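Remember, predicted model here, so these are calculated numbers, not experimental data. Only this structure's heavy atoms are used, side chains among them; waters, hydrogens and symmetry mates stay out. Chain A is the first sequence line, chain B the second, and so forth, proteins listed ahead of strands; every chain is numbered from 1.
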Amino acid sequence: MLKWIAGAVFIAAQLVIGCAGQGGGYSPPPAMPPPMATNPPPAAYSPPPPAYTPPPPAYAPPPVYSTQPYIYPARGQSPQQEESDKGQCYGWAVQQTGFDPANPRVAMPPPPPGDAPPPQQSLAGGALEGGLGGGALGAVGGAIGGNAGEGAAIGAAVGGLFGLMRRARLQEEQQQQMQQQQRQQQAYMAQQQNAMAQGRANYNRAFSACMTARGYTVN
Amino acid sequence: MNRVVVLGLAVLGVLTVAAPPSVAAAGKYDGSASMVCAVSSVSECVATGRCELRTASNVNFPGIIRVDVKGMKMSDLASEKPRESAIRNVDHANGKVILSGAEGERGWILLINETSGTMSATAAGDGEGFVLFGQCALP
């Protein structure tokens with residue numbers, strides 16, 4: 001009886017081992033073919049051609065370009081040779097495009113002035129000018145009346161009624177000017193970002209061309 | 001007796017006719033007491049000749065001011081921020097009290113009808129001007 005049970009257990013164990021291994025027995029068909037059977041060898045791999053990348057829209061954030069494209073030594077170059085080629089292609093691409101990814105700068109005109117006060121403000125008799133001018137005039141008036149200090153205090157410390165008047169149209173013009181400056185600054189920033197992205201794209205193209213010519217597959 | 005009465009009436013008539021007109025036209029808004037004036041309309045003008053109707057707050061002018069002719073100053077009553085203007089000159093002409101002064105880059109004139117208390121004011125700047133109208137009252 002004990003031998004019979006041991007024999008049954010042995011047979012069951014053999015069946016399990018037989019299913020797991022390749023030796024024989026039943027083996028279910030694979031859901032997918034083995035990857036090595038369909039993939040070409042690494043040396044014969046050719047990446048798909050690069051797709052055309054349209055320029056980014058005016059106000060979109062700059063696309064993130066990889067500063068180091070994928071490079072494969074198709075001719076079996078050594079890592080040392082690859083680093084040497086990368087360095088030479090880097091210099092060549094910078095020279096050709098004028099864009100250095102290590103120091104990304106683009107030639108742009110100076111930004112529009114944003115913090116300069118509107119020129120009309122000096123004509124409006126603003127609060128500061130009203131206070132200063134009021135102080136001077138108050139001092140003059142006080143001096144005429146025999147008390148320059150009191151007159152200056154009245155004119156400067158509290159601000160005049162008429163001296164602090166502001167033209168409503170001037171305020172509207174100042175608001176419009178501020179809005180226009182903001183729009184100009186936004187446009188300038190977008191233009192700068194676009195120029196930066198364009199320079200980086202040009203550099204990547206030049207670098208890829210150089211590395212491809214040296215026997216690398218670049219993507 | 002009748003001659004004396006007639007002579008007295010004649011003298012009174014002569015005195016009445018010869019009295020200074022300013023004394024005869026002096027009203028309660030002559031500046032002897034401080035006044036409170038409310039601005040009712042404001043016009044803003046530019047050098048091209050165009051004027052536009054504004055409000056006092058539009059042009060940063062207080063809506064209510066105190067005019068203290070004896071103290072030679074005007075002050076803002078509607079705002080918590082103290083704003084005062086020193087009156088440089090006071091004139092009386094034809095029943096109007098005329099105040100004037102200068103602040104910053106502007107000169108101003110404020111005229112009050114001594115009888116009715118109506119107020120008119122102008123402030124002139126470089127290429128700009130304001131015309132204000134209002135009504136004064138005795139507090």
Carboxylate-amine/guanidinium contact A:R169 B:E52, below 4.0 Å: yes

For A:Q182, the side chain to side chain contact (heavy atoms under 4.5 Å, CB included) test, sequence neighbours excluded, returns none

The interface call for B:T55 against chain A, heavy-atom contacts under 4.5 Å, is neither

Interatomic distance, CZ@B:R106 vs CE@A:M165, rounded to 0.5 Å, equals 6.5 Å

d(A:L161 CG, B:E103 CD) to nearest 0.5 Å is 6.0 Å

Next item on the list: Check whether any side-chain N or O of A:R166 sits under 3.5 Å from a backbone N or O of B:N60 as a donor-acceptor pair, and report yes or no.
Entry: no

Under a 3.5 Å distance rule, please check whether B:E128 uses its side chain to pair with a backbone N or O of A:R167 as donor and acceptor.
no

Those residues of residues 130-138 of chain B that come under 4.5 Å of chain A on a heavy-atom basis, listed by number, are B:F130, B:L132

*How are the rings of B:W108 and A:F162 set relative to one another: parallel (under 30°), tilted (30 to 60°) or perpendicular (over 60°)?*
parallel

The complete set of salt bridge (Lys or Arg N to Asp or Glu O under 4.0 Å) pairs with one or both residues in residues 203-219 of chain A, sequence neighbours excluded, reads A:D85-A:R214

Disulfide bond (SG atoms under 2.5 Å apart) pairs touching residues 99-130 of chain B, sequence neighbours excluded, are none

Closest non-hydrogen atoms of A:A168 and B:V59, given as atom of the first, atom of the second and distance, are N-CG1, 4.3 Å

